[in-house]
Peer 1: 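Got a structure for you, questions after.
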Amino acid sequence: MFKKILIANRGEIALRIIRTCKEMGIKTVAVYSTADKESLHVRFADEAVCIGPPASKQSYLNIPSIISAAEITNADAIHPGYGFLSENAEFSRICEDYKIKFIGATAEQINQMGDKATAKETMKKAGVPCIPGSEGLLESVEEGIKLAEAMGYPVIVKATAGGGGRGMRIIRKSEDFQKNWDDAKMESGAAFGNDGLYLEKFIEEPRHIEIQIVGDQYGKVCHLSERDCSIQRRHQKLVEETPSPVVSDELREQMGAAAIAGATAIKYEGAGTVEFLVDKHGKFYFMEMNTRIQVEHPITEEVTDFDLIKEQIKVAAGIPISGINYFPKMYSMECRINAEDPKNNFRPSPGKILQINLPGGHGIRVDSHVYAGYTIPPNYDSMIAKLIVTARSREEVIVRMKRALQEFFIDGVKTTIPFHLKLMDDETFKSGKFNTSFLETFDFENL
Ligand code: MV4
């Protein structure tokens with residue numbers, strides 16, 4: 001087992017990783033930018049190394065600085081958390097070169113899933129259901145138009161280097177093809193330095209359902225059921241839950257088996273997530289694979305009683321997985337508490353937290369790095385807490401979530417708490433019958 005792990009991240013996920021390391025008897029090294037000197041991850045780690053100024057590029061994305069910190073502290077592994085360097089193939093490769101174990105996917109696996117058109121072809125070959133569309137990249141706008149006519153509109157063009165909704169355009173009629181093609185090409189070229197596009201039939205009003213998987217170094221992959229992430233605004237998830245109100249036991253078995261087949265095909269190591277769209281008829285299609293631990297992993301931990309960070313560390317150390325799949329025994333939901341003003345287009349609201357009261361009681365988990373007197377820096381993601389609520393049924397979860405949100409107050413900055421409170425009273429949300437377009441028509445004015 002590793003003796004010392006360096007955590008190449010900040011905020012709640014850095015704390016989350018430190019907590020599991022402590023329980024496993026592993027020493028921890030925090031790295032921090034000058035903006036995070038007073039952060040809890042710095043205080044709770046056994047050692048801490050300053051890696052640069054506030055800007056992410058010069059600190060949490062600064063590979064030479066982080067590798068140096070690992071070298072001088074003698075860390076034998078690096079956990080990248082989510083975001084930052086977690087899906088950076090070059091960083092994974094450099095760690096390998098320096099004989100520091102990267103607790104995440106190999107450079108090859110990251111590359112294989114990072115190019116979305118290639119990832120889709122790989123999954124299709126492995127027998128995973130995929131959305132009908134182009135075979136790999138489109139060679140020309142003419143090829144795109146021809147295929148769209150043959151398949152029927154609406155279609156969607158997606159940037160192969162994109163993901164998470166960046167560089168894609170929905171096209172509803174042939175007259176609009178050229179303009180959307182040009183826009184998507186321009187946007188992806190500028191954003192990713194890669195303007196490759198592929199095409200798919202557009203699935204109307206789908207649900208976003210993802211399967212958590214874990215693979216070991218011996219080619220074995222298991223799944224831990226699904227998370228429903230359909231409550232999103234502009235591709236930012238706000239609420240996640242498990243089990244999904246639309247996933248039957250039969251569908252869970254099928255999607256779990258598909259996710260395992262896809263991950264096994266690339267000999268996937270570590271924790272990963274296979275994202276699917278589920279259409280109105282309950283048919284599911286591969287969308288993307290994330291080669292990292294995700295923000296919303298705790299709801300899976302709550303319903304399966306499985307520490308995903310501990311499992312990541314164990315498989316990285318060469319310990320084989322049990323090989324059995326895990327099914328939900330409870331219901332769990334996460335509300336992301338961001339320092340943002342939900343009445344003002346979710347505009348970031350950094351600044352000093354003057355007072356805070358965290359909710360508690362049965363079935364409540366709060367993963368957060370903030371405290372009274374803490375100043376939220378403007379340089380990073382605005383998520384300041386994850387409120388995770390678990391109970392025996394979806395109805396009980398919603399009642400308990402509302403109670404917890406009422407106890408949760410933060411003075412000094414605007415937060416998304418008022419939005420979540422309103423959502424827990426929304427009849428459509430409570431019915432469980434909604435899709436990824438739900439928040440497009442939500443009234444954010446009267447919270
Ligand atoms: C789609 C789609 C409908 N049809 N692809 C958005 C993020 C990126 N991963 C892919 N996305 C979508 N791809 C086809 N063929 C609809 C979306 C989509 C979406 C997906 C999941 C959650 C929220 C979404 C919001 C808008 C569009």
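In listed order, ligands and their atoms are each counted from 1.
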Peer 1: Does atom CD (Gln178) have a neighbourhood of more than 12 heavy atoms from anything else shown, all under 6.0 Å?
Peer 2: yes

Peer 1: Does atom NZ of Lys179 have more than 12 heavy-atom neighbours, drawn from other residues, nucleotides or ligands, at distances under 6.0 Å?
Peer 2: no

Peer 1: What does the 4.0 Å heavy-atom contact list look like for ligand 1?
Peer 2: Ile131, Ile156, Lys158, Gly164, Gly165, Met168, Glu200, Lys201, Phe202, Ile203, His208, Gln232, His235, Leu277, Met287, Glu288, Thr436

Peer 1: Not counting sequence neighbours, which residues clear ring pair (Phe, Tyr, Trp, His ring centres under 6.0 Å) with Phe177? List them please.
Peer 2: none

Peer 1: If the condition is side-chain contact (heavy atoms from CB on, under 4.5 Å), which residues does Ala14 pass it with, not counting sequence neighbours?
Peer 2: Ile7, His41

Peer 1: Could you go step by step and tell me if Ser244 and Asp228 meet the side-chain hydrogen bond (donor to acceptor under 3.5 Å, both in side chains) rule?
Peer 2: CA-CA 5 Å; Ser244 166; Asp228 191 322; 2.7 Å; yes

Peer 1: Could you list the residues that satisfy side-chain contact (heavy atoms from CB on, under 4.5 Å) with Glu121, not counting sequence neighbours?
Peer 2: Lys124, Glu135

